[in-house]
Structures are given as structure tokens and as C-alpha cells.
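Atoms within each ligand, like the ligands themselves, are counted from 1 in listed order. Values reported hereafter were calculated over all heavy atoms of this structure, with side chains retained and with hydrogens, waters and symmetry mates removed. The shown structure was predicted, so the numbers you read here are calculated from the model rather than taken from an experiment.
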Amino acid sequence: MTRAIERISRLEGVIKVPGDKSISHRALILGAMARGHQVIEGLSEAVDVATTADALRAMGCFVEVMPDGRTMVLPKVLRSEFSIDAGNSGTTARILAGVAAARATRCEITGDASLCRRPMLRVAEPLERMGARITLTNGGTLPAVVEGGALHGIEYETPLASAQVKSAILLAGLSADGTTTVIESTPSRDHTEIMLRAMGAALRRDGNRISVDGGTPIEGITLTVPGDFSSAAFFMVAALLVPGSQVMLPFTGINPRRIALMTVLQKMGGRVTIEGLHAGQLEPAGDIAVASSELQAIEIDDPATVASMIDEIPILAVAATQAQGRTVIHGAGELRHKESDRIEAMTTNLRALGATVEAFEDGFAIQGPTPLRGATVSSFGDHRVAMAMAVAGLIAEGTTHIENDEIVSISYPRFFMDLRALAR
Ligand code: S3P
């Protein structure tokens, strides 16, 4: 469908965004590998997460929503042969490749057209070093066949920041002989490490080295998933850009490896603050308050900052169109390998609305502030591009049409409803 977005006068209210997608995937997958029950409150309603749940069922697991709304993953013996359709979800395909490498004699993994274009060699290569056999299409993409078995621990230095690759190796390492160590060139999100530790894995961190000993069982736990900072990001920028706005985003995940966008927006002059912290959670969570602000341009090229906001760069690009000066982002070449080529997608779409954008191989430069005017833009089959353009539409003159808007359900099915609830 094509969604029409009108300019609005202000945003006001409270939105509890859905559970964090990355943590939700891991809560399901680690639950499937654990002894005992895993009970998950606040699981994301994202289509990607449902894809992981279905994949786990195909592997022989019991995953069900209980009458109280929590999700239960029950003890199970994983099948040795199965097929997984990972849909649009890179996290499902890559992390489950690690599980399959350790536990399946034969597993086929496929996905939709977008996922079948995305790189898989980055995960196949270390898993093969551990002893699995992985056959990729055209030497680098899905569909893949994973022939797993007796793995041995390795020491692996990641050439790029990827929590999916790190997680696949660590999960394979859980059942490998000896110790598996991942050395991160740039720190990526650490949800897998946090959850594995809480579940009793023999996991150690020493600076950028993460090691896990094979053979120690993990135990199911009860956990609450905080709201997804990456979903909250769209309302944060919307509230900053639409004059007179005030928005509160309660119980949102604020893991330090995820919130660089907040720090960047603060440096740009944005009034974004954490008002309250929620104690006693597996992952840090807080209430984020945002008020509309005048923004200044910023330059970003630090790898750790880029890694900690990789999914938020499309919405930062929208903010940059309204900031005073030239915002420049380098070191973000990974954006070209997401659900769409996000450098290409955002450059094309923002230019269509009248923004001044220069694209680089590894980022872009955006000159602001520029008044935007409504136009018809594509979601490029990418949920984050669709939501970023919806926010741009709120400040554009006239109507902005977003084609294939239903793609938002990949991470945030209620996005347009929640946006409407805040509009005044
Ligand atoms: C994710 C890791 C990131 C991120 C993706 C989710 C995860 O990808 O972009 O949306 O849940 O581990 P990479 O591992 O490719 O950096």
C-alpha cells in the first residue's frame, strides 16, 4: 500500500515502543538451546521475531504465547535435519547458522529476495573454521546448506563490527570442544553476551576478547524485554524536528552499545534525556524524554559510534536535513548491506523531498537546514527507510506518499498507529 503522510503541527504524548528486536531474537534462540523453560515478557511483535519463532518450531522447539501474554520456550531436543525460511531477517539467518553448525547434520537456510542478496560469507567463514561445512549460493549468499557436527573452539578476530557474526560464533562455541574466542575490532551490541551470562554460560570478557567454554549447559530464565531503542529513535527525531513537540518513551532499552544516536542528537543540540532508570532488569532500561530543538550539524566517523547507531543512520539523515550546517558521516559502508542499500535509498528519497545530499561509498553529507516538500518515495522494501521517510513527511510541505508502507511490520507493526496517537 501507499501511505499518505501530512505535515503536522506538533507531537505530544507517551508511546511505549515494542520490545527490542535484537533482544527478542536472542531470548527465543537461547531459550531453544537451554535446559528448562525460558519465559519472555514483552517479546517484540515484529515480523522478524515471528520468523525466528517459526524457524525454531521448524527445528523442533515449542514456542507459544501463554494466556498472560508472556512467551514460553520449552525444553526440547533439536532435530538434526531441518529447513529454515529466515524471511527478511538477517539476524535469524546468521545467528541460526551458528546454532545449526553445532547441532544439525543438515540444515537449509533461505530467505526473501532482499535477504538472499545480503552477505553470508562473514558468518560461514568462521563457522567453517570451527569444523562445519557451509555451502552458499554464488559463493556468498543464501540459500545455504549447513552441515554441522563436532566443532572445535577457535580464536577469531572479526574483520567488521557485527553482532550477528559474533553471536553465531559464540553460540556455536557453546557446543564446541574447548574455548571459542571472538576478538572484536569494533565493539558491537552485546545482548548475546549479557543473556548467555545470565543463563549460566561459561563466558568471559576481557576488553575486546569474549570467550566461551564449550560443554557448559545454559539454563532457561525469566526476562522482560525493554522497548526497542531503534524503534524509539523515529519518535525521538520526529519530536525534535516538529516544533512545540514533547514526547516520552517509557521503558526503552538504553544499552550503551545501542544509544549513540542519543549522544549524537544531544551533541547536535537536541533535548533528549533519560528521565528515569528501571532497576533490576537484565538489560538497562530508562524513560526517554524528548522536546523539539534547534539542531546543529555534526561530523561522525568514529567506528564505535557508527556501530552503536548503525540502524539509526537513516533517521539521523532526516534530522541532518534540518540541522544548521553540513552533517558528514563516514565509516558506515555496512549500510549498503542492510535490508536495502540504505545510503542509496536515503539519498534518493531525501533528494526527492528537496534535501541536499551527497552520497559516499561509506556514508553521506547533508547540508541543512532545507525546507522539505512532499513527494512520492519508495520504502525500498526496507522498514527503517519507510519509517524514516514517514518522519520526514511530518515536516514536509504538502503530502508525502510512501510506497509499500506495510514493510514497517518487519520491526514495528504498530508504527503508523503510534505515530497517529502522538500527532496533534
Ligand atoms: C543486529 C545486528 C546488526 C543490526 C541488525 C540487528 C543483531 O547487524 O544492524 O539490525 O540483532 O545482532 P550486524 O550484525 O550486521 O551489524
Original post:
If we only count heavy atoms from C-beta on, is the E275 to M248 side-chain gap below 4.5 Å?
Top reply: yes
Subject >> Ring center gap for H330 and F360 short of 6.0 angstrom >> reply: yes
Subject >> side chain to side chain contact (heavy atoms under 4.5 Å, CB included), paired with M389, selected from I315, V377, I5 >> reply: V377
Subject >> Test applied, side chain to side chain contact (heavy atoms under 4.5 Å, CB included); reference residue, L174; option that passes from T216, L203, V212 >> reply: V212
Please table the atom pairs, donor to acceptor, closer than 3.5 Å between any side-chain atom in residues 56-65 and protein atoms at least two apart or in another chain.
residue	atom	partner	partner atom	Å
R57	NE	V63	O	3.1
R57	NH1	D54	OD1	2.7
R57	NH2	V63	O	2.8

Subject >> Ion pair check, E184 and K166, cut-off under 4.0 Å >> reply: yes
**OP:** Anything with a heavy atom under 4.0 Å from ligand 1 counts, so go ahead and list those protein residues by chain and number.
**Re:** S22, R26, T91, R94, A161, S162, A163, Q164, R189, I310, D311, K338
